[in-house]
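Throughout, a chain's letter reflects where its sequence line sits, starting with A, and its residues are numbered from 1.
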Amino acid sequence: MNKANTVTNADITAVFDRVADLLEFTEANPFRIRAYRSAARTISSMIESLASLRENSTRTFTDIEGIGTDLSHKIEVLLETGSLPLLEELEASVPPGVFAIMRVPGLGPKKAKILFEKLHIESLESLENACREGRVATIRGFGEKTQQSILDNMAFAKSDQHQRLLWEDADGIMQDVLAYMKQSFAARTVEGAGSWRRGCETVGDLDLVVESDDPTTVMNHFAEWNGTTVVLLRGDTKMSIRGPRETQIDLRVVTHDSFGCALQYFTGSKEHNVLLRSRAREHNLTLNEYGVFDGFQASETSVPEKMSVNVIHAEKGKWIAGRTEEDVYKAIGLPWIPSEMREGRSEITLAEEGRLPRLVQLSDVRGDLHMHTTATDGENTLEEMVQAAIERKLEYIAITDHGQRVTMARGLNAKRLLNQWGEIDRLNDSLSKHGKPAIVVLKGIEVDMLEKGGLDLPDNVLEQADWVVASLHYGQSQPREKITSRILEAISNPHVSVIGHPTGRLINRRQAYDVDMLTVIQSAAKYGTFLEINANPWRLDLNDIHAAAAQKAGVKLVISTDAHSTQGLRQMRHGILQARRASLASQDIANTRSLSELRTIMKKRTRIQ
DNA sequence: ACGGAAG
DNA sequence: CGGCCTTCCGT
Ligand SMILES: Nc1nc2c(ncn2[C@H]2C[C@H](O)[C@@H](COP(=O)(O)OP(=O)(O)OP(=O)(O)O)O2)c(=O)[nH]1
Ligand SMILES: [Mg+2]
Ligand SMILES: [Mg+2]
């Protein structure tokens, strides 16, 4: 990020988020911090780059929600110079080690600052020493217990177990803990919530809600789970443990009448909750995890013991709703909002206007259009993949092994590819020998968009394909213009059906390559090229933001597993979650069509047989 | 009772 | 010019 024209939205987002982190430490008023956080959030959800917006535009940065003259000016500076004086000053004044210190559970910005000012602690090591020597306990606001808890949490703070889990891994743990909690006789209903329920790409911790009249028994049961390593905290209504893979699991126990509200609350997101609660307030209602109440409640009813719904119900008659999520949203004048959409972006407005889409679901999927076999880097043969697809009740699949550029996978040259297509022809023939075939197998290929432009197989081969996925595996660190033009070239190729995993990112492992997604989407719309939502839990691109933008531009999405084994076909559900987070309906997805319908919406010059 | 951290 | 409402812990 040193040249002006290389400053991306992601860079600006990172700078603003970093400024917010630093401000948190240096005192700073919460509103200012919030302003930076919210600006970062907004910018990260825009697909048009601020750089190009500045060039073209009648619009200015101040038109962007949450950005006023000050932040607008800072964006200008960032775009011009690639750096921000404020950031440099803050970095200079905040010791780098404090962020490690704030990762110790129980230590936030205030306490970290005190430790720094009173004991000059700016690293985990010096913090550990100070605790050992008993110096921490002498500070006002700290004591023996705090000191001991810091020591207890030292190993965790030092470890690198802070990474968020892939949704798939979180789901494994979630299924275990849900099944276990359901065994408790005191638990009437058990549901997973939080980012897991919203289908986020990654999950920081697991959250669950239990309906019960007997929280003590439920919490004892939770403590006795064999996945529980430590009980982190435990009160009357909530409890947290550390579970498998050092993952924190938060449990909230509520009564029957509060269950809907509690599930809504614990599902979040935080931003969605804040908007929903503000909206309740505008209607002269109060929303919390116990119910929807008439009037403003918070201040007067903060006697904790009285927070049971029964009491409020009886003595005030103010309780309006809370048993189911649907009741809760209805009480606030809204239809129920699917959990995947609850990110505090535009879902509340959509709901208000009755414009919520009917989201795509797994059972809508009729075909899978990206997968590999043993011909390249797959683990199963063509026949095995087809058999597995039949068992999954798919109506059609495309076999899309790698083209020859991917030497590591023994990518196919024209000869081997035509050979495979011959096999597919024979397979289709034998499948349709006794009438309507159980499945149709499309002759496909995953071609590579080469470093120098062009594809790794010639048009006279591709024109014989039923389905062509074009992906970019090499030269991923080229500059934005290069990458973008390679992709644009493929989009305009009449034989290319879809762009595979269009950003190349691997979650928690590898950044997306730098690409002008707005232009890619506009071009895909123009040429009728589809864009993929890759269902591999490491990829999941296009992501929710990009996929939503593509849909708005009129691009059809294809959700594909990119399976490298028969088991890989099961990953479709992850792609569906991502599509739902993008607010997509079945009609936005090409592979929810029957094969004949799919043919009618494909771009003209790709022949499909 | 309060501040801080957290959900 | 300032977004919501709550629980738990330690002092
Ligand atoms: N009203 C309100 N609800 C909150 C707040 N913070 C968290 N929540 C709710 C919404 C969250 O989705 C839910 C669970 O909190 P988590 O910290 O576990 O966040 P979440 O699961 O969304 O993301 P994660 O992947 O765990 O980081 O609690 C808050 O400040 N106000
Ligand atoms: Mg969570
Ligand atoms: Mg949580």
Side-chain angles (χ1 to χ4, degrees), chain A residues 24-25 27-39 41-42 65-71 101-115 136-150 152-153 193-197 203-209 215 219 231-241 248-254 258 261-283 285-293 296-308 312 322 328 332 344 348:
Chain A
E24 220 154 43
F25 182 77
E27 56 88 35
N29 100 38
F31 300 107
R32 185 149 175 242
I33 299 168
R34 206 180 283 153
Y36 279 94
R37 288 226 187 282
S38 110
R41 218 179 106 84
T42 308
E65 193 173 295
I67 294 183
T69 52
D70 182 62
L71 288 181
I101 287 163
M102 289 194 291
R103 284 211 303 271
V104 177
L107 295 186
K110 298 271 167 56
K111 286 188 169 166
K113 193 169 184 219
I114 293 169
L115 288 168
V136 167
T138 65
I139 303 173
R140 189 182 143 127
F142 293 73
E144 285 294 337
K145 293 196 173 181
T146 304
Q147 183 170 278
Q148 190 53 48
S149 135
I150 292 171
D152 293 344
N153 281 304
S195 51
W196 171 81
R197 182 162 178 245
V203 173
D205 69 4
L206 297 179
D207 306 279
L208 46 147
V209 190
M219 292 201 272
V231 175
L232 298 169
L233 59 83
R234 178 174 170 161
D236 298 329
T237 66
K238 75 185 246 198
M239 172 170 164
S240 298
I241 62 136
Q248 182 170 331
I249 308 183
D250 298 329
L251 169 72
R252 196 77 202 245
V253 187
V254 297
S258 292
C261 267
L263 182 59
Q264 188 289 314
Y265 152 71
F266 226 26
T267 298
S269 65
K270 179 188 176 218
E271 289 75 13
H272 177 85
N273 287 356
V274 168
L275 289 175
L276 206 63
R277 288 171 181 207
S278 311
R279 191 190 147 88
R281 195 153 256 274
E282 286 162 21
H283 291 233
L285 300 167
T286 301
L287 169 63
N288 60 28
E289 59 265 52
Y290 299 101
V292 183
F293 301 86
F296 297 136
Q297 251 224 306
S299 45
E300 45 170 321
T301 320
S302 54
V303 188
E305 293 79 30
K306 303 254 164 175
M307 254 314 192
S308 123
I312 291 165
V328 173
I332 305 171
I348 294 189

Would you mind reading off the distance between [X] atom [atom1] and [N] atom [atom2], rounded to a whole angstrom?
{"X": "A:K110", "N": "B:dC2", "atom1": "NZ", "atom2": "C1'", "answer": "13 Å"}
{"X": "A:R103", "N": "B:dA6", "atom1": "CZ", "atom2": "P", "answer": "13 Å"}
{"X": "A:I241", "N": "C:dC8", "atom1": "CD1", "atom2": "C1'", "answer": "17 Å"}
{"X": "A:L287", "N": "C:dC4", "atom1": "CG", "atom2": "P", "answer": "12 Å"}
{"X": "A:F142", "N": "C:dC9", "atom1": "CZ", "atom2": "P", "answer": "18 Å"}
{"X": "A:R252", "N": "C:dT7", "atom1": "CZ", "atom2": "P", "answer": "6 Å"}
{"X": "A:L285", "N": "C:dC5", "atom1": "CG", "atom2": "P", "answer": "11 Å"}
{"X": "A:I114", "N": "C:dG10", "atom1": "CD1", "atom2": "P", "answer": "17 Å"}

Selected nucleotide, minimal atom distance to A:K238 side chain, candidates C:dT6, C:dT7, B:dG4: C:dT7

May I ask you to verify if any side-chain N or O of [X] is less than 4.0 angstrom from the OP1 or OP2 atom of [N]?
{"X": "A:T237", "N": "C:dC8", "result": "yes"}
{"X": "A:R32", "N": "C:dC1", "result": "no"}
{"X": "A:T146", "N": "C:dT11", "result": "yes"}
{"X": "A:Y290", "N": "C:dT7", "result": "yes"}
{"X": "A:Q148", "N": "C:dG10", "result": "no"}

Reckon [X] touches a base, only the sugar-phosphate, or nothing at all at heavy-atom distances under 4.0 Å?
{"X": "A:R234", "value": "sugar-phosphate"}
{"X": "A:F266", "value": "sugar-phosphate"}
{"X": "A:E282", "value": "nothing"}
{"X": "A:P30", "value": "nothing"}

Answer yes or no: is there a side-chain heavy-atom contact under 4.5 Å between [X] and [Y]?
{"X": "A:F142", "Y": "A:Q147", "result": "no"}
{"X": "A:H283", "Y": "A:R279", "result": "yes"}
{"X": "A:E289", "Y": "A:V209", "result": "no"}
{"X": "A:T237", "Y": "A:V253", "result": "no"}
{"X": "A:N273", "Y": "A:Y265", "result": "yes"}

Side chain to side chain contact (heavy atoms under 4.5 Å, CB included) evaluation trace for A:L115 with A:L107: CA-CA 10 Å; A:L115 288 168; A:L107 295 186; 4.1 Å; yes

Derivation of the side chain to side chain contact (heavy atoms under 4.5 Å, CB included) call for A:Q248 and A:L232: CA-CA 9 Å; A:Q248 182 170 331; A:L232 298 169; 3.9 Å; yes

Members of residues 271-279 of chain A that approach DNA chain C, where some heavy atom sits under 4.0 Å away: A:V274, A:R277, A:S278

For the student: nearest non-hydrogen atoms of A:A39 and A:I67, plus distance: CB-CG1, 4.2 Å

Residue whose nearest DNA chain C nucleotide is more 5′ - A:K145 or A:F31: A:F31

Residue closer to the 5' end of DNA chain C, A:G235 versus A:K270 (nearest nucleotide): A:K270

